[in-house]
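Below is one structure; the comments refer to it alone.
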Amino acid sequence: MKHAILWTCMFASFVANAETTIDPASIYSSHCAACHGADRLGGMGPALLPESLERLRPDDLLDVLRNGRPATQMQGFSKELGDATIKQMATWLRSAPAATPRWEQADIEASRIVYHAPGTLPARPVFSADPSNLFLVVEAGTHHVSVLDGDKLEPIHRFTTRFALHGGPKFSSDGRYVYMASRDGWVSKYDLWNLKLVAEVRAGMNTRNLAVSEDGEWVMVGNTLPQTLVLLRASDLSLQRIYPVTGAGGKSSRVSAVYDAAPRGSFIVALRDIPEVWEIPYIGKKTFEPRVIELTDVLDDFFFDQPYRHILGASRTATGQVIDLDAGRKVADLALTGMPHLGSGITWKRNGREVMASPNLKQGAISVIDMQSWKTVATIPTNGPGFFLRSHEATPYAWTDAMMSPKRDTLQVIDKQTLAIVGNVTPSPGRTAAHVEFTRDGRYALVSLMEADGAIVVYDARTLKEIKRLPMDKPIGKYNVFNKTTRSSGTSH
Ligand code: DHE
């Protein structure tokens, strides 16, 4: 009893003191470092650097510090620290550490874990489902991936992932391996035939995305912290080369995204802070030397035509531009003003001409662009700003969401020829629905009910009738092996 009173007094005085002057670094050491790393670079919990917290709203960060995160090891500190201290800790966590964090060759090499050496797992699937019609569903809630049989539309396996995967997982061209990037810089290679994690490496402290070369030999990772590109051997994720991302003028830049331009045998890299595009060839002499294309504006987001000759790019502040990769220069402007989400663009043939369509993050509209004249041929009004647009060669429709608007629970279905909205689906009123991927034959559309107690909702792509729903934990994205490896024009690659 005596102890309890003494402890309560000490605790009260600690809180009172903490509310006036606190030493955030020492509170961090005693309360946070064990899980998030002494250097804030992450450990069992995620990194706590300003870049890592960018996407967390101020109130959400305070809520996590006060009340913890359900179903994780993160406990709440409201009783222990008091509200004023928690607010100061939140400010401190959003400030850069006194010593600039570094992630260099030795750190990358030391982080690498090889669970199964190349060639040690059998080269045949351990399940009876068609391996080319599997789906990977990224469940962001408690960081899992579910593997679905795309014919029976049933889960066959589920595994835990690194904290906060982002971007599409990328498949080897035979569909056996999948490579996933986490926002904290972890790259994981998974063997889908054996349902086993093969290797992992931390390529950066804050990562945009990764690309896998068509020949299956290389993985390129684009980072925002440090500002680097990291080339890995795909077989075992060992480090091949680090590129500091520094432009012609000596300024360094965050990477916007890196993609595999398979028909060109190269990686294409867009940069966020300097007006340059880099092309890094991986076939031929294998010097991996970047070819730099200078631009007049930076690229925050971009899209390729199917032959990978042109990039349609946009910055967050200006309108778009078309870059001819062969000529190495801008060839047209794009009249896009609603902050297009070009990474979600798709193409199809309409009246004998190729068109590209993209949702807009700040406008309830789908922009449709002619791929020869580069003119906007239609602006289709939608329920509100959306994130994703998806279709398939075998369906006459394209599906879009309005997840950045009050109508975030409804997807609209657009006829690809008339450009009219011909239907809509609302999986659960009031709950966010977005991101569609089709089965290999285009017969069914799988929609994410993006909630903690969410689901993959399967629709008949022709009648728009619900077929079934599979419970999932915040399924932010799903990826069909066939559609991705054959580079379907209705989905992202
Ligand atoms: Fe994404 C893909 C950028 C926020 C879910 N997102 C991508 C890609 C880029 C990108 C460059 C393509 C990478 C790839 O597939 O290789 N995303 C951005 C942003 O700049 C933005 C707006 C802000 C940010 O901080 O990154 C952003 N993205 C989000 C989200 O808030 C989403 C909805 C949820 C989340 O957990 O991050 C989200 N992004 C996704 C998904 C994909 C994606 C599901 C893969 C789409 C696909 O079908 O390929």
Side-chain angles (χ1 to χ4, degrees), residues 46 50-57 60 135-143 145 161-171 178-184 187 206-212 219-225 254-261 267-272 298-304 311 313-316 339-346 358-362 385-392 399-404 408 432-438 445-448 450-452 454 456 472-480 483-484 487-488 490-493:
E51 291 80 356
S52 331
L53 297 170
E54 239 169 39
R55 305 187 57 258
L56 208 54
R57 285 190 300 250
D60 291 342
F135 280 86
L136 246 62
V137 183
V138 175
E139 295 180 73
T142 49
H143 314 289
V145 162
T161 68
R162 292 281 168 179
F163 185 89
L165 296 188
H166 176 240
K170 300 288 152 48
F171 300 95
V178 62
Y179 300 81
M180 300 162 281
S182 82
R183 288 204 185 252
D184 271 0
V187 174
N206 196 257
T207 288
R208 281 311 276 167
N209 77 327
L210 62 75
V212 178
V219 176
M220 185 69 92
V221 186
N223 291 322
T224 51
L225 189 72
R254 296 165 294 171
V255 173
S256 295
V258 52
Y259 289 105
D260 171 42
F267 293 113
I268 305 288
V269 187
L271 306 179
R272 219 162 201 188
V298 298
L299 295 182
D300 279 306
D301 200 0
F302 61 101
F303 177 83
F304 294 97
I311 298 181
S315 73
R316 292 276 186 254
M339 203 197 270
H341 194 218
L342 294 170
S344 274
I346 59 172
S358 154
N360 287 283
L361 299 174
K362 286 207 167 155
F387 231 89
F388 304 106
L389 182 67
R390 286 288 177 268
S391 187
H392 186 280
W399 296 48
T400 190
D401 62 84
M403 71 179 273
M404 326 264 277
R408 63 184 192 284
T432 304
H435 197 273
V436 179
E437 178 82 288
F438 290 82
L446 279 65
V447 172
S448 283
M450 272 188 202
E451 305 277 347
I456 292 293
M472 299 270 163
D473 182 7
K474 204 172 181 203
I476 48 166
K478 68 212 71 65
Y479 309 88
N480 177 275
N483 295 340
K484 295 296 181 189
R487 295 176 181 270
S488 160
T491 191
S492 59
H493 316 136

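Remember, it's a predicted structure, so these values are computed and weren't measured experimentally. Ligands are counted one by one from 1 in listed order, and the atoms in each one are counted from 1 as well.
Taking a 4.0 Å cut-off on heavy atoms, Arg272 registers as neighbouring ligand 1.
Remark: minimum distance from atom 48 (O) of ligand 1 to any protein heavy atom is reached at Arg390 NH2, 2.5 Å. For atom 1 (Fe) of ligand 1, the closest non-hydrogen atom of the protein is His166 NE2, 2.2 Å. For atom 3 (C) of ligand 1, the closest non-hydrogen atom on the protein side is Arg208 NH2, 3.0 Å. Among protein heavy atoms, atom 30 (C) of ligand 1 sits closest to Arg55 NH2, 3.0 Å. Summary of contacts: the protein heavy atom closest to atom 12 (C) of ligand 1 is Tyr259 OH, 3.2 Å.
Counting heavy atoms of neighbouring residues, nucleotides and ligands inside a 6.0 Å radius, atom NZ of Lys474 does not exceed 12 of them.
With a 4.0 Å heavy-atom cut-off, ligand 1 is reached by the side chain of Asn209 but not by its N, CA, C or O. For Glu437, no heavy-atom contact with ligand 1 is shorter than 4.0 Å. Only the side chain of Lys170 comes within 4.0 Å of ligand 1, judged by heavy-atom distances. Looking at Ser256 against ligand 1, only its backbone comes within 4.0 Å, counting heavy atoms.
Counting the atoms of ligand 1 from 1 in the order shown, those under 4.0 Å from a heavy atom of His435 are 46 (C), 47 (C), 48 (O).
The main-chain N or O of Met472 is never found under 3.5 Å from a side-chain atom of Glu139 such that the two would form a donor-acceptor pair.
Protein heavy atoms are absent from the space less than 4.0 angstrom from atom 21 (C) of ligand 1.
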